[in-house]
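Before any comments, here is the structure.
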Number of protein chains: 2
Amino acid sequence: MATIDDVAKAAGVSKGTVSSVFSKKRPISKQVTERVLNVAKDMGYFPNHVARSLAIKKTMIVGLKMPISKSSNLSGFEIQMINGVTKECSQQGYRVLLDTLPEHDDPTQFSMDPVDGVIMLNPRKQDPRIERFKQMGIPLVLVGRPDPEDETVSFVDNDNRQVGFMVGDYLLKQGHSSILFLNSAADMTVAVDRESGLAEAFQAHGALWQQNHVLNYSRKLHKSPVEYGYMAMMEAYKQLKYTAVIADTDRVALGVLRAARELGIEVPADLSVIALSNDATLAQEVTPRLTSVELEVETLGSEAARILLEMMGNPDVVCNRIVEGKLVFRDSCQINSTMNEMGE
Amino acid sequence: MATIDDVAKAAGVSKGTVSSVFSKKRPISKQVTERVLNVAKDMGYFPNHVARSLAIKKTMIVGLKMPISKSSNLSGFEIQMINGVTKECSQQGYRVLLDTLPEHDDPTQFSMDPVDGVIMLNPRKQDPRIERFKQMGIPLVLVGRPDPEDETVSFVDNDNRQVGFMVGDYLLKQGHSSILFLNSAADMTVAVDRESGLAEAFQAHGALWQQNHVLNYSRKLHKSPVEYGYMAMMEAYKQLKYTAVIADTDRVALGVLRAARELGIEVPADLSVIALSNDATLAQEVTPRLTSVELEVETLGSEAARILLEMMGNPDVVCNRIVEGKLVFRDSCQINSTMNEMGE
DNA sequence: AGCAATCATTAAAGCGGTTTAATGATTCGG
DNA sequence: CCGAATCATTAAACCGCTTTAATGATTGCT
């Protein structure tokens, strides 16, 4: 590869001039510009992004940190997230670095990544990475609330207690009392928040809240979200003839629907199914179409990106955005008495 | 941010020593190591990835070039691709840079990106980028065949003529003659190849091949793949009572199914639907479950990554991999006479 | 003790750009 | 025609790390 020096020499100018020709930061006379460009073309010269980044301390890259287990695929959530983040970033001329590498615990392995800012998915409790990014002076936006609370860190999140409360309230109003909740993995804040919201709904209705009606997804036990929905439903239904089930995602709901089919349970006649959705298309096109809570994960993603880009221009702003879930009535829940169907 | 110099000074050693402590490329005595590490921790020092990359000419990042229209989302294909590429790369310690930025035509804007290799989706005809990567000496793997043919460039692709032929052959054997093909965008090589494969199948069966039974997706006309399937089916069925339709993707097939429902057409009794699938879950969980051609896009992605990583270690190897499509029989095609259901 | 061999550490030269202060060349008004 | 102002260009320092060749400090051997 030809370097800027080679081009400068061949064109009979200094590297500073060549630099200016390419970066356009300083005006260069038409003749010189042309000469340099021609030489560069002939030599097959392209400015080196890394060297440039080092000099200007900017990469025009946003990091998206999401742990990914070796074997399994990106979840619907992650995909929606990538979607939202990428869309916003590319509009502003930024690219996205998918950082799926597992964290090393060797402190010599931490490095200041080639990114101007970071969006971090699923922060863990007391996540040490948060502190590290602060030290590095790299703008950070979390997706999911920081735990413990931290006023100094930006984040976007669903209002997961509201989500839990809303579906609980809705189902209880429909007269359901034995409700199965196929929750996500137990150690996630979303799981905790949604469950507590649901419990609150029971309380508000003066209904008995029983924790054993909540199941948790586990990577070890369940091969895939669909399998989780299927297996959990098959098992749980043996114990108790639930009349409603809340599924953590559309795909979990698909598993439930399959189980229901096999068990000869009519949806929604005998069983109402409601999905905490992250894939609108899927929810809409399944039969029966899934009544669901629209989580707007993509909005979450683009908001995270927007906030991050904002922070990058204007350091030490902190900002967070809570996105409410919206109930979308479709065909997988039985509609009783009081409620009106509201369509999509 | 503290730099390596600061740490060296504070620890009373040279930068070379600090460098070795972090990179572990040269043994450093236990005492010195410890002292340096402590100082580094106190000062909040983290090695700068960009500077490091510049020095060692390696970024441990793989670029994934995929044009993305400003407004629209990642397609199922792209998602599967990201999945496959990411999985393979992260296993080998590489990260993935999503390069969704539209190409500039200003030659001063081309830069040698901070990547060790590139996977490029949907290369266009005579794609000038291919030549550019060669000049830069950056290993490149295409997803989709190069057009015109080029012996010097690695690529992975489905055998799209085979795919077209296979579904055509299958449907014709089932006795269908009026077959609608909802193909992808006309300017893509996949569209061309699949159509020609299909035409070949007609020829092989001595059936009349009519090009007007092929429709093409267009970003301008169709809001989404689902809409494409829906609209195209609604329109086309007015002209002719097709007995089979080949949908470009699962999502297109969903649109077709919806149209069929609205038109009162029974699937598969009155209409066989077959999807050139890129989302196995979706195909399996829809009612009726979609008979489809499994394209194994994810395999394509991880193969592309594998080849690329290989090339990065061992320059000037060229390699390509053609992945055959497999027919997966489910419930959306009517089974006639001769064929046996093979299940999944 | 004396000399070679071994080992940890260092100084300095890259990597390929950007940027600042200085230098020439040109223009311009008086 | 001269000095000031304007403009394009350059030389050199810098960004933060790696690496090579050189330097001391130890060790081993006779």
Side-chain angles (χ1 to χ4, degrees), chain A residues 1-37 39-40 43-60 108-116 135-138, chain B residues 1-37 39-40 43-60 108-116 135-138:
Chain A
M1 260 302 286
T3 73
I4 199 171
D5 277 296
D6 303 333
V7 174
K9 217 158 288 171
V13 297
S14 77
K15 31 190 310 197
T17 303
V18 178
S19 173
S20 303
V21 166
F22 279 89
S23 69
K24 299 193 176 59
K25 293 212 175 167
R26 206 188 334 287
I28 297 290
S29 67
K30 198 149 185 79
Q31 313 134 48
V32 175
T33 298
E34 199 165 319
R35 178 152 44 95
V36 168
L37 249 27
V39 171
M43 305 184 71
Y45 165 77
F46 299 94
N48 182 316
H49 188 278
V50 174
R52 180 160 211 279
S53 300
L54 178 59
I56 66 179
K57 295 165 175 295
K58 231 170 165 306
T59 62
M60 299 299 284
T108 67
Q109 294 313 88
F110 304 142
S111 84
M112 218 176 79
D113 277 349
V115 296
D116 297 337
Q135 280 185 32
M136 302 201 238
I138 293 187
Chain B
M1 262 300 286
T3 72
I4 200 172
D5 276 295
D6 304 333
V7 174
K9 216 157 287 172
V13 296
S14 78
K15 31 191 309 198
T17 303
V18 178
S19 173
S20 303
V21 167
F22 279 88
S23 70
K24 300 192 174 62
K25 294 213 176 172
R26 205 188 333 285
I28 297 290
S29 67
K30 195 148 186 82
Q31 314 135 48
V32 174
T33 298
E34 199 164 319
R35 178 152 43 97
V36 167
L37 249 26
V39 171
M43 305 183 73
Y45 166 77
F46 298 94
N48 182 315
H49 187 280
V50 174
R52 180 159 210 280
S53 299
L54 179 59
I56 66 179
K57 294 165 175 295
K58 232 170 162 314
T59 61
M60 300 299 283
T108 67
Q109 294 312 90
F110 304 140
S111 85
M112 218 177 77
D113 278 350
V115 296
D116 297 338
Q135 281 186 32
M136 301 200 240
I138 293 186

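In this text, all values refer to a predicted model and were calculated from it rather than measured experimentally. Chain naming here is simple, since letters A, B, ... match the order of the sequence lines and numbering starts at 1 in each.
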In whole Å, what is the span from the CG atom of Asn48(B) to the C1' atom of dG16(D)?
6 Å
May I have the distance from Ile56(A) (atom CD1) to dT20(C) (atom P), rounded to whole angstrom?
13 Å
Under 4.0 angstrom, heavy atoms only, what part of the nucleic acid is Thr3(A) near: base, sugar-phosphate, or nothing?
sugar-phosphate
Give a yes/no on whether any side-chain N or O of Ser29(B) is located under 4.0 angstrom from OP1 or OP2 of dT9(C).
yes
Where the side chain of Val32(A) is defined as all heavy atoms beyond and including C-beta, which of dT9(D), dA13(D), dG16(D) is the nearest nucleotide?
dT9(D)
When you measure from the side chain of Ser19(B) to the backbone of Lys15(B), do you find a donor-acceptor pair of N or O atoms at a distance under 3.5 Å?
no
Return the nearest nucleotide to the side chain of Ile4(A); candidates are dT10(C), dG14(C), dT18(C).
dT18(C)
From the options dG16(C), dT18(D), dT20(C), select the nucleotide whose nearest atom is closest to the side chain of Ser19(B).
dT18(D)
Nearest-Å distance, NE2 (His49(B)) to P (dT18(D))?
11 Å
Taken to the nearest whole Å, NZ/Lys24(A) to P/dG17(C) is 15 Å
Which of dT10(C), dT9(C), dG16(C) is nearest the side chain of Leu54(A)? It is dG16(C)
Between Met1(A) and Ser20(A), which is nearer to the 5' end of DNA chain C once each is assigned its nearest nucleotide?
Met1(A)
What is the nucleic acid contact for Lys25(A), judged by heavy atoms within less than 4.0 Å: base, sugar-phosphate only, or nothing?
sugar-phosphate
Which heavy atom of Ile28(A) sits nearest to which heavy atom of Thr33(A), and what is that distance?
O-OG1, 3.2 Å
With respect to the phosphate group of dG16(D), does any side-chain polar atom (N or O) of Lys57(A) fall under 4.0 Å of OP1 or OP2?
yes
Nearest whole angstrom, please: distance from the P of dT6(D) to the CZ of Arg26(A).
18 Å
Check for a donor-acceptor pair, side chain of Asp116(B) on one end and backbone N or O of Thr59(B) on the other, with a separation under 3.5 Å.
yes
Distance, rounded to the nearest Å, where Gln31(A) contributes CD and dA25(C) contributes P:
16 Å
Rounded to the nearest 0.5 Å, what's the gap from CE on Met1(A) to CE on Met43(A)? Could you check?
10.0 Å
Need one value for Val13(A): base, sugar-phosphate or nothing, where a base atom within 4.0 Å counts as base even if backbone is also close, heavy atoms only.
sugar-phosphate
From dA8(D), dT10(C), dA13(C), nucleotide with atom closest to Pro27(A) side chain
dA8(D)
From CG of Asp5(A) across to P of dT18(C) the rounded distance in Å is 12 Å
Closest to the side chain of Lys15(A), out of dT10(D), dG14(C), dA13(D), is dA13(D)
Residue-phosphate contact under 4.0 Å: Thr17(B) side-chain N/O, dT10(C) OP1/OP2
yes
Can you check the Glu34(A) CD to dA8(D) P distance for me, whole Å?
17 Å
Aromatic rings Phe22(A) and Tyr45(A): how do their planes relate, parallel, tilted or perpendicular, breaks at 30° and 60°?
perpendicular
Are the side chain of Ser20(B) and the backbone of Gly16(B) linked by a donor-acceptor contact shorter than 3.5 Å?
yes
Checking dT9(C), dT18(D), dG17(C) against the side chain of Ala51(A) (C-beta onward), the nearest is dG17(C)
